[in-house]
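From a predicted model like this one, the values you see are computed outputs, not experimental measurements. The analysis underlying the following values was restricted to heavy atoms, covering all of them including side chains, and did not include hydrogens, waters or symmetry mates. Lettering of chains follows the sequences in order, A, B, ..., and the numbering in each one begins at 1.
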Amino acid sequence: MDPILDGLNPAQHQAVTSPAPILQVLAPPGSGKTKTLTARVAYLLSHHGYQPQDVICCTFTIKASREMRERLGKLIGQRLQSRLILGTFHSICRRYLVKYGYLIGLRRGFGIADSDDSRAILRRIIKRLNSGMEIRAAQGRISRHKAHGLSPDALAERVKAEELELVDIYREYESALAASNLLDYDDLLLRCGDLLREHPECVSNVQAVLVDEFQDTNVIQYDLMNLLAAKNRRITIVGDPDQSIYGFRSAEIQNLRRMQRRYSNTSVVLLEDNYRSSGSILTSAQEVIEQDTTRPAKKLQPTHSYGTLPVLRKLPTANAEAQWMVLEIKRLVAMTGSLLRMSDFAVLLRSASLSTRIETAFGRAGIPYNMVGGRKFFDRTEVKTLLNYLRVVSHTGHTDALLSIINVPPRRIGDETIKQLTGGAEKYSVPLWTFIKDVIQGCRSTEKKLQKAAELGLCSLVKLIEASRQKLQDCCDASAPRILLEHITESLSFQEYLIRTYPLDEDGRWANVKELMGQANEAAANDEDNSEQDELPDIEGVEQQQSHAGEEALSRFLANVALATDLTTQEEGQEGEKALEKVTISTIHAAKGLEWPVVFVPAVYNGIIPHSRAEVVDEERRLLYVAMTRAQALLYLSLPLRQPRIGEGEDSSTSLTPFLPGKVTKTRFRPTGPRLHEKVVYAIADILRRPRPSEEDMLKALSSLPSTLDDHWTAEGEEQRDAATKWESLNDAPNEPYPKRRRPDTNQGPSTTTFVSSTGYTMSNPSQFTVPTTLSGFQSARHYITTSTDPPAESASPSTAETEAARQPKQSSTASRKDGLTQASISNFFGDPEARHKSASPSQHSGRSHKHSDTTMNSQHHNTCVQQRTAPSLRHCPRTALRPDQSSPRGPMKSARMMSMTQASHESHPPAPAKADTGSGEVKQESAARGVQSVSTFHTTTMSMVSQQPASGRRTLGIRRSMNGWEARMKRESGGR
DNA sequence: ATTAACGCCTTTTTT
DNA sequence: AGGCGTTAAT
C-alpha cells in the first residue's frame with residue numbers, strides 16, 4: 001500500500017487524498033495536523049505529478065517549517081524536500097523580493113529590520129518629535145495599521161486629532177526605513193503582495209499552496225496566499241480556530257470564512273481523534289474552551305485512556321509554587337522508575353518574565369532546564385554589536401546600525417558628538433555615514449567643533465568600515481560573512497573589549513561571538529552545497545536580479561539572522577553526546593504545536609491569565625486551552641495564593657482565573673498531585689506508549705524522596721505545619737516578608753553555597769538527599785507502590801475514581817448529543833454545507849454507556865482496543881519528532897501491551913478499518929485517476945530514500961539559549977556586588 | 001563640557 | 001537586561 005497514506009485514520013486519509021482544489025482541514029490539538037499536511041504535500045507530488053519547486057508551503061514559525069522539512073525529508077526524500085518552496089511567510093516573501101524585488105523598485109541588498117531595530121528607529125523619531133508616545137505602543141499600532149494595509153497617507157485621511165501624532169511618527173518611521181534600505185516584518189509581506197499583484201508571472205509556476213496554522217494568518221498573509229495560488233487556485237489550509245493565539249499580531253480567524261466565501265468550492269475535513277492526551281486532560285481542556293459560547297461546538301475524541309485527573313494546585317507563594325514543581329518533578333521521576341526523564345517535563349508560562357523564580361528554584365535544586373522564548377541568541381548584545389557592524393559594511397546607509405556601533409567599543413564619541421553629526425547629516429540631507437566621512441576628510445564640518453578625541457575615534461571607525469568594505473569587494477563567495485567577522489573582531493580587539501566590559505562573564509560572551517562565527521561558517525558551507533533550499537525556481541521570461549556574490553552572501557546571512565531568531569544547530573553538539581536531559585521552560589506561545597508527557601502551567605490567576613493587558617479575553621482562554629492540550633499524560637495547573645504587591649504594603653491575594661470556574665475545578669481536577677502507585681504509573685506508560693517500568697525501578701530511587709506524596713503544602717495551599725520548620729530555611733527566605741525592591745534572589749550566595757537546611761538534606765544535590773525517617777510512606781514503600789486498591793488514607797483517590805466512574809455515562813451522552821450538535825454548528829460556521837465533504841469522522845462514538853467500575857483498568861481496555869485499531873497510524877502520528885529517544889522503546893512495548901490486552905471494547909470505536917481498507921470506501925478516488933506520475937515508481941524511489949537516510953534525527957526542540965540561564969545569573973550575581 | 005558609572009524601574013505573547 | 005536619570009570623574 002501507499003506508504004504516504006500508511007497509518008492515516010479515515011479522516012486524515014480523506015484530507016490527504018481529497019481531490020478538492022480548495023481544502024480546509026480543521027485540526028484540533030493532537031489530531032495529527034502536521035502529519036496530515038506533510039502527507040498531503042507528498043501526495044500532491046506523487047499523485048498529481050507536481051514538481052516540488054512548484055509547491056509552496058507556508059508556516060508561521062521557523063520551528064514549524066523546520067519540522068515540516070524534517071518530516072517531509074523522511075517521507076519524500078531529502079532531494080525533493082529541499083526543492084520545495086517551504087518556510088515562514090516572511091522567509092518566502094524575502095526570497096521573492098530578493099529575486100524579483102527590482103520589479104517593484106526595491107533596492108538591491110535590502111536589509112530586514114527586526115523589532116529591536118524598529119524600536120530604535122521609533123525611539124529616535126519620538127524623541128525628535130517630542131512626542132510622549134510609548135515606543136512599544138507606537139510600534140504595535142503602526143504594525144497593526146500596516147497589517148491592514150494602511151499607509152500613513154491612508155491613515156491620515158481617517159484622522160482623529162489623537163491619531164495625527166501617530167501618523168507623523170508612522171511617516172517618519174517609513175522614511176527612516178527607506179533611508180536605511182530596510183524592510184520590517186510587515187513590509188516583507190506587504191511588498192511581496194505588491195510584487196505578486198503587479199507581476200503575477202513570478203508565481204506562474206505554482207501548482208499548489210499549502211498553509212499551516214491558518215488561524216494565525218492576518219489579512220495581508222491571506223491576500224498573499226491567494227496571490228501565490230493565483231495561477232491554479234489549489235490551496236490547502238490546516239488550522240484550528242480554538243488555537244488562534246496571535247490576534248495581537250492581527251491574525252484573523254475570520255479568514256477561514258473569508259476563504260470559503262471567496263472560493264465557493266471549498267471542502268472542509270474535520271479531524272477529531274486526539275492521539276496526544278489522556279481522556280481526562282482532554283475533557284478538562286474541552287471544558288475550558290467550551291466556555292466560549294461564540295465558538296462552534298466541536299468534539300475532540302480521545303484515543304487514550306482516561307488516565308489521571310489533572311491537578312489544580314494552590315500554593316502559598318510564587319516561590320512555593322516553583323519549589324513545589326521541583327518536588328513534584330523529583331517525585332515523578334523517582335516514583336515512575338525510569339519512565340520519565342527530565343526532558344519529559346515542560347513548564348508553560350503566559351509570559352516569559354514569570355520564568356525567573358522558576359529558573360531560580362530549578363537552579364538551586366539542580367534541575368537542568370532550558371528556557372525557550374524570551375531572549376534569543378541573536379539578541380545578545382555582543383552578537384548584536386557585531387551584526388550591526390556587518391550591516392553597516394553591507395549597507396552604509398543603515399543609519400541605525402551605525403548609531404548603535406558608533407561608540408562601541410568606546411571611542412569617546414558621546415551624545416554631544418552624535419548630535420552634531422546627525423544634525424549635520426540632516427542639514428545637508430546626506431546619510432549619516434557620508435557626512436561622517438566628509439567630516440573626517442575635512443570637506444564638511446559640524447556646527448560646533450568636535451573634540452579631538454571624538455574625531456580620532458570617528459577616524460578609526462571610518463577606517464575599519466572602509467577596509468571591511470574593500471574586503472567584501474575582494475571576496476566573491478559565500479565566505480564573506482566569516483571573513484568580515486574575523487576582520488572586524490580582530491581590528492576592534494573585540495575579545496579584549498569584552499574582557500574589559502564584562503569581566504565576570506567574559507568567556508560566555510566570547511563564546512557567543514565564536515558561536516556567531518560558527519553560524520557564519522555554516523551558512524557559507526550551506527551555501528556551497530545546497531543553494532537550492534533558499535532558491536526559487538527560475539521562470540522563463542522574468543529576469544532576476546544579479547549581484548555580487550559576496551554582497552549577496554552577506555545580506556542573505558543578515559536576513560537569515562533577522563528572520564531565524566533561533567538557533568538550530570550546534571549547541572547541542574557542543575555539549576556532546578551526553579547532552580543533558582532538560583526540563584523545558586517555555587512561553588505558551590512558543591509551545592504551540594509541541595507536546596510533553598508532563599506539563600505544568602503555573603500562575604493561572606487573574607492578571608496573568610487572562611493577562612491584565614490583554615485586549616481579547618477569548619484569546620486568553622484559548623491560550624490556556626493550548627497550554628493544557630500540550631500535555632500527554634499528566635497536567636498540572638497551579639497558582640500562588642498571594643502575590644507580593646509592588647511598592648508598599650502586604651501581599652495581595654490572587655484569584656483563580658475565571659476560565660476555571662468552580663464547577664469545572666470540582667469535577668475535572670484534583671487538588672494535589674496524584675499518588676503514584678502501580679496502576680497510575682502503568683497508565684502513564686501506556687499513554688506514552690513506553691514500556692512499563694519494573695517494580696524494582698520504581699522502588700529504586702524512592703529513598704531519595706522527602707515524601708512519596710504531594711504533601712508539603714496542604715491542598716488549600718498552606719504551609720504544612722510540621723514541614724514548615726524544615727522548609728523555612730531554604731524556602732521563602734529570600735522572598736519574605738517583602739521584597740523591598742530588591743530582586744528576590746539576590747540573597748543567594750555564589751554558586752558555592754550549599755543550601756543545607758538544618759535537617760540535613762540539600763536541594764542542590766539531589767543524590768545526597770537524606771530522608772528524614774519520620775516522613776510518611778517509607779516503611780511500606782513497596783507495599784504502597786504495588787497496592788492495587790487505593791489505600792483509604794488518601795481522600796482524593798477513591799472519590800476521584802468514583803466520580804470518574806459515575807461521570808462516564810453522563811459524559812458519553814453529552815458526547816453523542818454534542819456530536820450531532822457539532823456537525824450542525826460547524827456547517828453553520830462554515831456555511832454552504834453542500835460545498836463540502838461530509839465530515840469523515842471515523843468514529844461516531846455512538847455512546848459509551850456501559851458502567852465503568854474501575855477507571856484506570858477500564859479505560860485501559862478501551863485504550864488498548866483503540867491502540868490496536870490505530871496501531872499503524874500511531875507510529876507517525878502525533879509524535880512530534882521531538883525526542884529521538886522515543887522510538888526505541890516501542891518494540892518491546894508493543895508485546896507488553898498485547899499481553900495485557902483484552903477484547904476490544906467495540907462500542908466506543910467501531911471495529912475500524914485498519915490500513916488495508918482505510919478510507920477506500922468513502923473517499924472518491926478521482927484523484928488517483930488524475931495522477932500523472934506513475935505511482936509505483938515514485939514510491940520505490942521514495943522508499944529507498946527513506947531507508948538510506950540515517951536516523952540523524954536532529955533535535956528540534958526549538959529555540960535554545962546556549963547558556964543555562966541559571967549559571968549566567970549565578971555568575972553575574974556572585975561577582976556583581 | 002563630555003563621558004563613564006551607578007542606581008532605579010519595568011517586562012505579554014512573535015515574525 | 002535595557003532604558004532612563006543622576007552623579008562622579010576627566
Starting at [atom1] of [X] and ending at [atom2] of [N], how long is that distance when rounded to a whole Å?
X	N	atom1	atom2	value
A:H611	B:dT14	NE2	P	12 Å
A:E619	B:dT14	CD	P	12 Å
A:K448	B:dT2	NZ	C1'	11 Å
A:D116	C:dG3	CG	C1'	12 Å
A:R123	B:dT10	CZ	P	17 Å

Options [options], nucleotide nearest the side-chain atoms of [X]:
X	options	answer
A:T417	B:dT3, B:dT13, C:dA1	B:dT3
A:T88	B:dT14, B:dA4, B:dT15	B:dT15
A:H90	B:dA4, B:dT15, B:dT14	B:dT15
A:Q451	B:dT13, B:dT15, B:dT2	B:dT2
A:S115	B:dT15, B:dT14, C:dA1	B:dT15
A:R119	C:dG3, B:dT3, B:dT15	C:dG3
A:R613	B:dT14, B:dT11, B:dT13	B:dT11

request  = Have a look at A:T381 and say if it touches a base, only the backbone sugar-phosphate, or nothing, with a 4.0 Å heavy-atom cut-off.
outcome  = sugar-phosphate
query = Mapping A:L623 and A:E416 to their closest nucleotides on DNA chain B, which lands nearer the 5' end?
reply = A:E416
